[in-house]
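Just below is one structure, and these are the notes that go with it.
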Amino acid sequence: MSIYVGNLSYQVTEEDLKRAFAEYGTVNRVQLPTDRETGRPRGFAFVEMETDAQEQAAIDALDGAEWMGRDLKVNKAKPREERNNSSRGSWGGNNARRNRY
(Lines give C-alpha, C1' and ligand atoms only; values in the text may rest on other atoms or scores of the structure.)
Protein backbone atom coordinates (compact mmCIF):
# COMPACT_ATOMS: atom_id res chain seq x y z
CA MET A 1 0.00 0.00 0.00
CA SER A 2 1.08 3.58 -0.26
CA ILE A 3 0.42 6.91 1.40
CA TYR A 4 -1.31 9.85 -0.28
CA VAL A 5 0.24 13.21 0.64
CA GLY A 6 -1.84 16.20 -0.40
CA ASN A 7 -1.73 19.99 -0.18
CA LEU A 8 2.00 20.03 -0.89
CA SER A 9 3.96 23.14 -1.71
CA TYR A 10 4.77 23.34 -5.42
CA GLN A 11 8.44 23.74 -4.47
CA VAL A 12 8.65 20.32 -2.76
CA THR A 13 10.97 17.71 -4.30
CA GLU A 14 11.09 13.93 -4.08
CA GLU A 15 14.19 14.30 -1.91
CA ASP A 16 12.30 16.59 0.51
CA LEU A 17 9.59 13.95 0.86
CA LYS A 18 12.10 11.13 1.35
CA ARG A 19 13.79 13.05 4.17
CA ALA A 20 10.50 13.91 5.89
CA PHE A 21 9.09 10.38 5.75
CA ALA A 22 12.42 8.69 6.61
CA GLU A 23 11.87 9.86 10.19
CA TYR A 24 9.14 7.19 10.42
CA GLY A 25 10.86 4.30 8.64
CA THR A 26 12.33 3.14 5.36
CA VAL A 27 11.00 4.93 2.28
CA ASN A 28 10.85 2.54 -0.67
CA ARG A 29 9.47 4.91 -3.30
CA VAL A 30 8.21 8.46 -3.81
CA GLN A 31 6.04 9.53 -6.74
CA LEU A 32 5.54 13.25 -7.31
CA PRO A 33 3.17 13.63 -10.29
CA THR A 34 3.69 16.63 -12.55
CA ASP A 35 1.32 18.51 -14.82
CA ARG A 36 1.63 17.32 -18.44
CA GLU A 37 1.39 20.83 -19.82
CA THR A 38 3.64 22.78 -17.48
CA GLY A 39 5.85 20.09 -15.91
CA ARG A 40 5.12 21.67 -12.52
CA PRO A 41 4.30 19.42 -9.53
CA ARG A 42 0.56 18.94 -9.04
CA GLY A 43 0.56 19.47 -5.27
CA PHE A 44 0.31 15.85 -4.16
CA ALA A 45 2.49 12.76 -3.96
CA PHE A 46 2.50 9.07 -3.10
CA VAL A 47 4.99 7.58 -0.66
CA GLU A 48 5.59 3.85 -0.20
CA MET A 49 7.22 2.66 2.99
CA GLU A 50 8.60 -0.70 4.02
CA THR A 51 5.85 -1.73 6.46
CA ASP A 52 2.25 -0.87 7.25
CA ALA A 53 3.32 0.11 10.77
CA GLN A 54 5.79 2.65 9.38
CA GLU A 55 3.13 4.04 7.05
CA GLN A 56 0.66 4.39 9.91
CA ALA A 57 3.27 6.13 12.09
CA ALA A 58 3.92 8.65 9.29
CA ILE A 59 0.19 9.21 8.73
CA ASP A 60 -0.44 9.74 12.45
CA ALA A 61 2.44 12.20 12.76
CA LEU A 62 2.08 14.17 9.53
CA ASP A 63 -1.66 14.42 8.78
CA GLY A 64 -2.59 18.03 9.45
CA ALA A 65 1.00 19.05 10.16
CA GLU A 66 2.29 22.35 8.77
CA TRP A 67 5.17 21.77 6.35
CA MET A 68 6.67 24.29 3.91
CA GLY A 69 3.86 26.71 4.69
CA ARG A 70 1.04 24.23 3.98
CA ASP A 71 -1.16 21.99 6.17
CA LEU A 72 -0.56 18.47 4.89
CA LYS A 73 -3.30 15.96 4.14
CA VAL A 74 -1.80 12.50 4.72
CA ASN A 75 -3.73 9.22 4.53
CA LYS A 76 -3.73 5.72 3.04
CA ALA A 77 -3.87 5.96 -0.74
CA LYS A 78 -7.02 4.56 -2.29
CA PRO A 79 -6.64 2.13 -5.20
CA ARG A 80 -6.85 3.80 -8.57
CA GLU A 81 -10.34 3.52 -10.02
CA GLU A 82 -10.87 1.99 -13.44
CA ARG A 83 -12.02 4.53 -15.99
CA ASN A 84 -15.11 3.70 -17.99
CA ASN A 85 -14.16 4.55 -21.58
CA SER A 86 -17.70 3.93 -22.87
CA SER A 87 -18.81 7.33 -21.53
CA ARG A 88 -15.90 9.13 -23.17
CA GLY A 89 -17.04 11.70 -25.70
CA SER A 90 -20.72 11.20 -24.97
CA TRP A 91 -22.13 14.67 -24.39
CA GLY A 92 -25.75 13.63 -24.68
CA GLY A 93 -26.12 13.81 -28.46
CA ASN A 94 -25.50 10.11 -28.96
CA ASN A 95 -28.10 9.19 -26.38
CA ALA A 96 -30.74 11.29 -28.10
CA ARG A 97 -30.16 9.47 -31.41
CA ARG A 98 -30.34 6.08 -29.74
CA ASN A 99 -33.64 6.86 -28.03
CA ARG A 100 -35.47 7.92 -31.23
CA TYR A 101 -36.31 4.42 -32.37
Side-chain angles (χ1 to χ4, degrees):
M1 192 50 108
S2 65
I3 301 170
Y4 167 83
V5 186
N7 200 32
L8 288 172
S9 164
Y10 293 116
Q11 284 72 44
V12 75
T13 66
E14 286 185 19
E15 198 55 43
D16 293 331
L17 287 163
K18 285 178 187 174
R19 277 194 303 272
F21 279 81
E23 292 184 36
Y24 306 97
T26 303
V27 177
N28 290 338
R29 182 176 173 191
V30 173
Q31 290 178 286
L32 188 61
T34 56
D35 184 88
R36 290 180 191 165
E37 302 282 323
T38 65
R40 190 175 97 168
R42 295 177 62 194
F44 66 92
F46 297 97
V47 178
E48 293 178 14
M49 299 188 74
E50 197 162 280
T51 68
D52 287 341
Q54 292 173 358
E55 287 183 353
Q56 193 59 53
I59 291 168
D60 292 343
L62 297 174
D63 187 38
E66 189 273 328
W67 190 53
M68 298 180 107
R70 310 287 296 259
D71 292 335
L72 296 179
K73 177 67 179 159
V74 184
N75 54 40
K76 285 274 191 190
K78 296 177 182 161
R80 191 172 189 171
E81 292 182 13
E82 288 291 320
R83 290 187 178 189
N84 184 354
N85 289 334
S86 65
S87 65
R88 198 173 223 194
S90 176
W91 291 88
N94 292 338
N95 292 335
R97 273 186 253 130
R98 254 185 275 164
N99 291 336
R100 279 191 213 165
Y101 302 101

Exercise for the section: Measure the spacing between OH of Y4 and NZ of K73 and express it to the nearest 0.5 Å. Expected result: 9.0 Å
Problem - Where F46 and S2 come nearest, the two heavy atoms and their spacing - result: CD2-OG, 4.2 Å
Completion exercise
Interatomic distance, CG@L32 vs CD@E15, rounded to 0.5 Å, equals 12.0 Å
Fill in the blank from the handout: Looking only at heavy atoms, the pair that brings A45 and P33 closest together is CA-CD, 4.1 Å
Exercise for the section: Check L17 against V30 and note the closest heavy-atom contact, atom names and distance. Expected result: CD1-CG1, 3.8 Å
Practice task
State plainly whether one hydrophobic cluster holds both F44 and L72, where clusters connect Ile, Leu, Val, Met, Phe, Trp and Tyr through side-chain heavy atoms under 4.5 angstrom apart.
Solution key: no
Handout entry: Pair listing, side chain to side chain donor-acceptor pair (under 3.5 Å) test, anchored in residues 20-37, at least two apart
Key = D35-T38
Sequence neighbours excluded and cut-off under 3.5 Å, please list the side-chain donor-acceptor pairs for residues 61-68, or say none.
| from | atom 1 | to | atom 2 | distance (Å) |
| --- | --- | --- | --- | --- |
| D63 | OD1 | V74 | N | 2.9 |
| E66 | OE2 | G69 | N | 2.7 |

Problem - From CG (L8) to CZ (R42), nearest 0.5 Å - result: 12.5 Å
Exercise for the section: Please report the closest heavy-atom contact between M49 and A58, naming both atoms and the distance. Expected result: SD-CB, 4.0 Å
Exercise for the section: Enumerate the residue pairs fulfilling salt bridge (Lys or Arg N to Asp or Glu O under 4.0 Å) with a member in residues 50-62, sequence neighbours excluded, ordered by first and then second residue. Expected result: D52-K76, E55-K76
